[in-house]
Amino acid sequence: MKNSHRTVRRKASAITIDDVAAHAGVSAMTVSRVINGHAGVREGNRERVMRSVLELDYRPNPAASALAAAQHTCIALIYTNPSASYLRELLVGALRGSTRAAAQLVIATWDDLGAQARREAARQLSSSVAGVILPPPLCESKDIVDEFLLGGIPVISIASSHFSDSVSCVRIDDRQASHDMVSHLIRQGHTRIGYIKGDPNQTASAHRLQGYRDALDDVGIAYDAALVQAGCFTYRSGLEAAERLLALPQPPSAIFASNDDMASAVVSVAHRRGLEVPRDLSVVGFDDTSASTMVWPELTTIRQPVAEMADTAIDILLREIRRPAASARGIVNHVLPHQLITRASVSRPLPDL
């Protein structure tokens with residue numbers, strides 16, 4: 001004989017959050033907010049949810065609850081970097097880190113925004129994210145960082161040496177990395193080494209230039225300002241700087257460009273001038289992005305682990321977001337190791353005739 005009375009109660013393990021929501025007459029999101037202790041739920045709704053939880057003997061799955069909490073952690077990665085190869089590495093690492101942590105990642109570009117518009121965008125974003133990752137050059141903007149901090153949003157910068165007591169950072173030692181590259185060229189016999197600087201608004205650019213000068217000083221090679229040309233981390237700026245260097249009455253036997261995009265441009269200019277790389281001109285870069293292996297010959301470069309830096313930034317930021325309210329802020333200056341990658345773009349200089 002069929003039971004004419006259908007009971008609402010089912011086996012506790014089979015009760016779902018949707019069952020609780022239907023029983024209480026609210027949305028599943030409201031049930032989730034009540035169970036996870038979020039504020040902003042009307043008291044009447046809270047009471048109905050808790051009553052339904054008791055009557056249905058609902059037992060949240062701890063693993064599922066942890067996953068849900070992680071998925072409600074929204075992190076923004078904001079970029080304006082002109083280097084497509086650098087950006088690609090950055091996104092790979094950020095996506096890997098956010099996927100592992102089951103956090104939501106919002107990716108935004110502020111390429112076309114002026115200073116005031118960026119500050120306004122930061123204020124608006126502060127209402128919808130729990131933390132922000134700023135790669136260069138945005139990480140160097142005090143105004144933007146301050147907007148997020150005023151909104152109570154923790155910030156972590158990538159590849160910046162501009163430290164403070166309120167912003168964590170993941171970086172390499174740019175000065176030492178640049179020193180290592182110039183020392184490598186000197187060991188190959190080069191004494192006239194051209195250098196193409198990076199964006200003057202980024203602290204990493206100044207540190208890389210200082211590393212270049214340190215290595216020259218170490219062996220008593222005089223600094224020659226004519227061998228140092230302005231760049232801006234873009235391919236075009238690399239073209240222009242290479243033309244100036246190779247037009248000198250006594251051109252360099254090697255050129256160190258402070259990122260791979262500019263180094264690739266140097267190779268292009270050398271080929272256009274009928275120079276063979278590396279026989280007539282050695283060329284080296286910095287970052288070890290995909291650009292370093294998309295030219296011929298492939299570039300000797302400094303491996304900056306951009307993807308690992310972004311991945312690490314996710315971990316550090318989530319620890320800060322989820323720290324107990326009463327604990328002290330954990331500002332971190334995390335330095336990852338760099339590596340000199342030798343490929344076919346360097347040889348000993350031709351002897352003077």
Side-chain angles (χ1 to χ4, degrees), residues 83 85-86 89 93 136 158-163 169-200 202-225 227-229 231 233 238 241-242 245 252-267 277-278 281-293 295 297-309 312 333-349:
S83 170
S85 52
Y86 184 95
E89 294 294 314
I158 291 180
S160 172
S161 299
H162 185 70
F163 307 124
C169 179
V170 179
R171 64 183 182 93
I172 63 168
D173 186 337
D174 287 280
R175 182 172 178 174
Q176 184 61 51
S178 181
H179 179 282
D180 292 349
M181 178 59 81
V182 178
S183 296
H184 172 68
L185 292 173
I186 292 171
R187 287 194 297 272
Q188 299 303 308
H190 295 279
T191 56
R192 283 189 62 76
I193 301 170
Y195 183 75
I196 303 178
K197 297 185 288 186
D199 186 336
Q202 295 186 31
T203 54
S205 300
H207 284 264
R208 293 177 193 180
L209 176 59
Q210 190 58 55
Y212 165 83
R213 299 192 66 159
D214 290 346
L216 298 181
D217 288 343
D218 284 350
V219 295
I221 298 175
Y223 175 78
D224 183 348
L227 291 175
V228 177
Q229 295 293 326
F233 288 141
L245 286 168
S253 62
I255 295 178
F256 175 20
S258 55
N259 80 344
D260 291 335
D261 286 7
M262 295 192 299
S264 299
V266 175
V267 172
V277 177
L281 177 70
S282 291
V283 181
V284 298
F286 199 111
D287 288 336
D288 196 32
T289 58
S290 57
S292 67
T293 56
V295 294
E298 294 184 349
L299 294 171
T300 290
T301 188
I302 292 291
R303 175 170 292 162
Q304 178 175 210
V306 178
E308 185 182 351
M309 290 160 74
T312 302
N333 174 24
H334 190 85
V335 182
L336 290 172
H338 62 272
Q339 185 180 357
L340 174 65
I341 305 298
T342 57
R343 298 194 180 102
S345 65
V346 175
S347 68
R348 299 191 65 81

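What you see is a predicted model, and the numbers here were worked out from it, not measured in a lab.
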Under 3.5 Å: donor-acceptor pair, side chain of Ser253, backbone of His190:
no
Within a strict 4.5 Å, meaning less than it, do heavy atoms of the Leu336 and Val170 side chains meet?
yes
Shortest non-hydrogen contact between Ala159 and Tyr86, atoms and distance
CB-OH, 3.6 Å
When you compare the side chain of Ile255 with that of Gln229, does any pair of heavy atoms fall below 4.5 Å?
no
Any residue meeting ring-ring contact (aromatic ring centres under 6.0 Å, His included) with Tyr195, in chain and number order, not counting sequence neighbours:
Tyr212, Phe256
Is the side chain of Asn259 donor-acceptor paired with the backbone N or O of Phe233 at a distance under 3.5 Å, no angle test?
yes
Would a distance-only check, ignoring hydrogens and angles, find a side-chain to backbone donor-acceptor pair under 3.5 Å from Thr300 to Val284?
no
From CG (Asp287) to OG (Ser85), nearest 0.5 Å
7.5 Å
State, yes or no, whether a side-chain contact exists between Asp174 and Ile302 at a heavy-atom distance under 4.5 Å.
no
Hey, are the side chains of Ile186 and Ile193 touching, using non-hydrogen atoms and a 4.5 Å cut-off?
yes
Whether the side chain of Asp260 engages the backbone of Asp288 through a donor-acceptor N/O pair (distance < 3.5 Å, no angle test) should be reported.
yes
Test item: Ser345 side-chain N/O and Ser282 main-chain N/O as donor-acceptor pair under 3.5 Å:
no
d(Leu209 CG, Lys197 NZ) to nearest 0.5 Å is 6.0 Å
Any Asp214 side-chain heavy atom under 4.5 Å of Val182 side chain
no
Are any non-hydrogen side-chain atoms of Arg213 and Val228 less than 4.5 angstrom apart?
no
Nearest 0.5 Å please: distance from the CD atom of Gln339 over to the OG1 atom of Thr301.
11.0 Å
So, for Ser183 and Ala215, which heavy atoms are closest and what is the spacing to 0.1 Å?
OG-CB, 3.8 Å
Tightest non-hydrogen contact, residues Asp199 and Ser205, listed as O-OG, 2.6 Å
Is Arg192 close to Pro349 at the side-chain level, that is, under 4.5 Å between some pair of heavy atoms?
no
Atom pair CG/CG of Asp173 and Asp180 - distance to nearest 0.5 Å:
8.5 Å
Backbone of Arg208 reached by a side-chain donor or acceptor of Ser178 within 3.5 Å
yes
Does any N or O in the side chain of Arg171 come within less than 3.5 Å of the main-chain N or O of Ser160, such that one atom is a donor and the other an acceptor?
no
Atom CD in Gln304, atom CD1 in Ile172: separation rounded to 0.5 Å?
4.0 Å
Taking Gln188's backbone N and O only, do any of them form a donor-acceptor pair with Arg348's side chain (distance below 3.5 Å, no angle check)?
yes
On a heavy-atom basis, which atom in Met262 and which in Gly231 lie closest, and how many Å separate them?
SD-CA, 4.0 Å
Is a donor on one side and an acceptor on the other found under 3.5 Å between the side chain of Ser347 and the backbone of Pro278?
yes
Rounded to the nearest 0.5 Å, what's the gap from CD1 on Ile221 to CG on Leu227? Could you check?
10.5 Å
Under the criterion side-chain contact (heavy atoms from CB on, under 4.5 Å), I'd like the reasoning laid out for Val283 against Val295: C-alpha separation, chi angles, the key distance, then a yes or no.
CA-CA 11 Å; Val283 181; Val295 294; over 6 Å; no
When every non-hydrogen atom of Gly285 is compared with those of Met181, the smallest separation belongs to O-CE, 3.7 Å
